[in-house]
Amino acid sequence: MKPAGLKTRIFLDGGDPDETKQAIDLLGFLDGQTTNPTLISKNPEIRKHLDRGARFNEKEILAFYLDVVKKISTMIPQGSVSVEVYADLSTPADRMLAQGKEMFGWIPNAHIKFPTSKEGLKAAEQAIKERLRVNMTLCFSQEQAAAVYGATRGAKKGEVFVSPFIGRLDDRGENGMDLIANILKMYGKGDGHVEVLTASVRTLDHLLCAIKLGSDIITAPFTILKEWGEKGLPMPKDDYVYDRGKLTAIPYQDIDLSKKWQEYDIFHDLTVKGMERFSADWNALIK
Ligand code: E4P
C-alpha cells in the first residue's frame, strides 16, 4: 500500500511486463512505467530470440514493443506509460513526431519520450500543439529543463514530464540529485505545467532523496523498488540528509523561464551519448 504522505508518483523503469506485475504485487500500487530502447532490448523474450541467433525486422520489433506496452498499460490503466521514439543524431523532428503520433495511439495512457535535443524539442513543441503527452528524456542540465518548459508552454499539468538522469551524472562524478533540486527550485517560479520525473535511479537513497525533494515522479528499476518494498516502503525521515560522498555539487543557476526555448543552451554531451546508445541498442536487434 502507498505510504501515508507519499505525494511523489512511483513508476517502474523497465521493459518486461512480468516485472510490472511483480512490482504491483510487491508494492501494492504502481503509478506508471517508463520504457526505453535499451530496456526493451533487455526483455527476456528478446534475449531468447537473439540467443538463438535470430534478429527482427523493423516491423517485427515495433510490433514487439507495441505488445509489451499494451500489456503494461492494461496492468496500470490509471497510470502513465512512457514510450520512446527512435532518435539517432540525424533523426529530424518530423520523423520523431510521426513516430510519436503512431505510438501515442498504441495505448490510452501513453507519454511519448523525445530526447532533450534541438530536434526532440521541436518535435515536442508540435506534439503538445497536437495534444500528445510527452516525456522529455536525457535531460542533464537546468538549461535543458528550462527549454522543455519553453517548448511546451500552454500544456496542461500532466501532459509534460522532464526526465533528469541522475545516475549518469553520478557516474561521472557530478551530484545528480542537485540537478533535481535545482530544476524543482527553478520550476517553482513557473506555472507548474512541467512535472519532474527523476530518472536513471541507481540506489534506494536516490529514491528517498527524490521523495524528500518533492520530485513529482520517480522511475526506478525493479531491483530498487524490490529493495524498497522488502524494507517496508520506508519514507525519508524529517532529519533525512542525502550523503553525496565525493560527488561534485551542481550549483543552482538563476534562469529566466520566460524566454523562447531556442534561446537556452540545450547542448549536453551526455544527451548526445545517450541518443547514440539508445539507437545502437535498438539497431542491434534489427537484421
Ligand atoms: C527512464 O525513463 C530512463 O530511460 C532510465 O531511467 C535511464 O536509466 P539508466 O541511466 O540507468 O540507463
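Just so you know, ligand 1 is whichever comes first in the structure, and atom 1 is the first atom listed for that ligand.
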Problem - Where ligand 1 meets T34 - atom numbers and elements under 4.0 angstrom, heavy-atom basis - result: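 Every atom of ligand 1 under 4.0 Å from some heavy atom of T34: 1 (C), 2 (O).
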Exercise for the section: Give the numbers and elements of all ligand 1 atoms closer than 4.0 Å to a heavy atom of R202. Expected result: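 Selected atoms, number and element: 9 (P), 10 (O), 11 (O).
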Modelled atom types, side-chain donor and acceptor of [X] and [Y], under 3.5 Å:
{"X": "Y86", "Y": "D88", "value": "yes"}
{"X": "T219", "Y": "T34", "value": "yes"}
{"X": "D178", "Y": "Y242", "value": "no"}

Practice task
For K113 and ligand 1, answer yes if some heavy atom of the residue is under 4.0 Å from a ligand atom, otherwise no.
Solution key: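 K113 counts as a contact of ligand 1 under the 4.0 Å cut-off.
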Practice task
Give a yes/no on ligand 1: does R277 have at least one heavy atom closer than 4.0 angstrom to it?
Solution key: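 R277: in contact with ligand 1 (<4.0 Å).
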Exercise for the section: Say whether, by atom type as modelled, one donor and one acceptor occur between the side chain of T152 and the main chain of A155 under 3.5 angstrom. Expected result: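 The answer is no, because no donor-acceptor pair under 3.5 Å joins these two groups.
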Practice task
Report yes or no: does R9 contribute a side-chain atom to a donor-acceptor pair with the main-chain N or O of G32 at less than 3.5 Å?
Solution key: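 Side chain of R9 to backbone of G32: no pair is present.
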Practice task
Run the salt-bridge test on R202 and D171 with the 4.0 Å N-O cut-off and return the result as yes or no.
Solution key: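 Salt bridge: yes.
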Which residue supplies the protein heavy atom nearest to [atom], what is that atom called, and how far is it?
{"atom": "atom 5 (C) of ligand 1", "result": "D13 OD2, 3.0 Å"}
{"atom": "atom 4 (O) of ligand 1", "result": "N36 ND2, 2.7 Å"}
{"atom": "atom 3 (C) of ligand 1", "result": "F165 CZ, 3.4 Å"}
{"atom": "atom 8 (O) of ligand 1", "result": "S200 CA, 3.5 Å"}
{"atom": "atom 12 (O) of ligand 1", "result": "R168 NH2, 2.8 Å"}

Handout entry: Evaluation steps, ring-ring contact (aromatic ring centres under 6.0 Å, His included), between F64 and H49
Key = CA-CA 12 Å; F64 184 88; H49 193 76; 8.5 Å; no
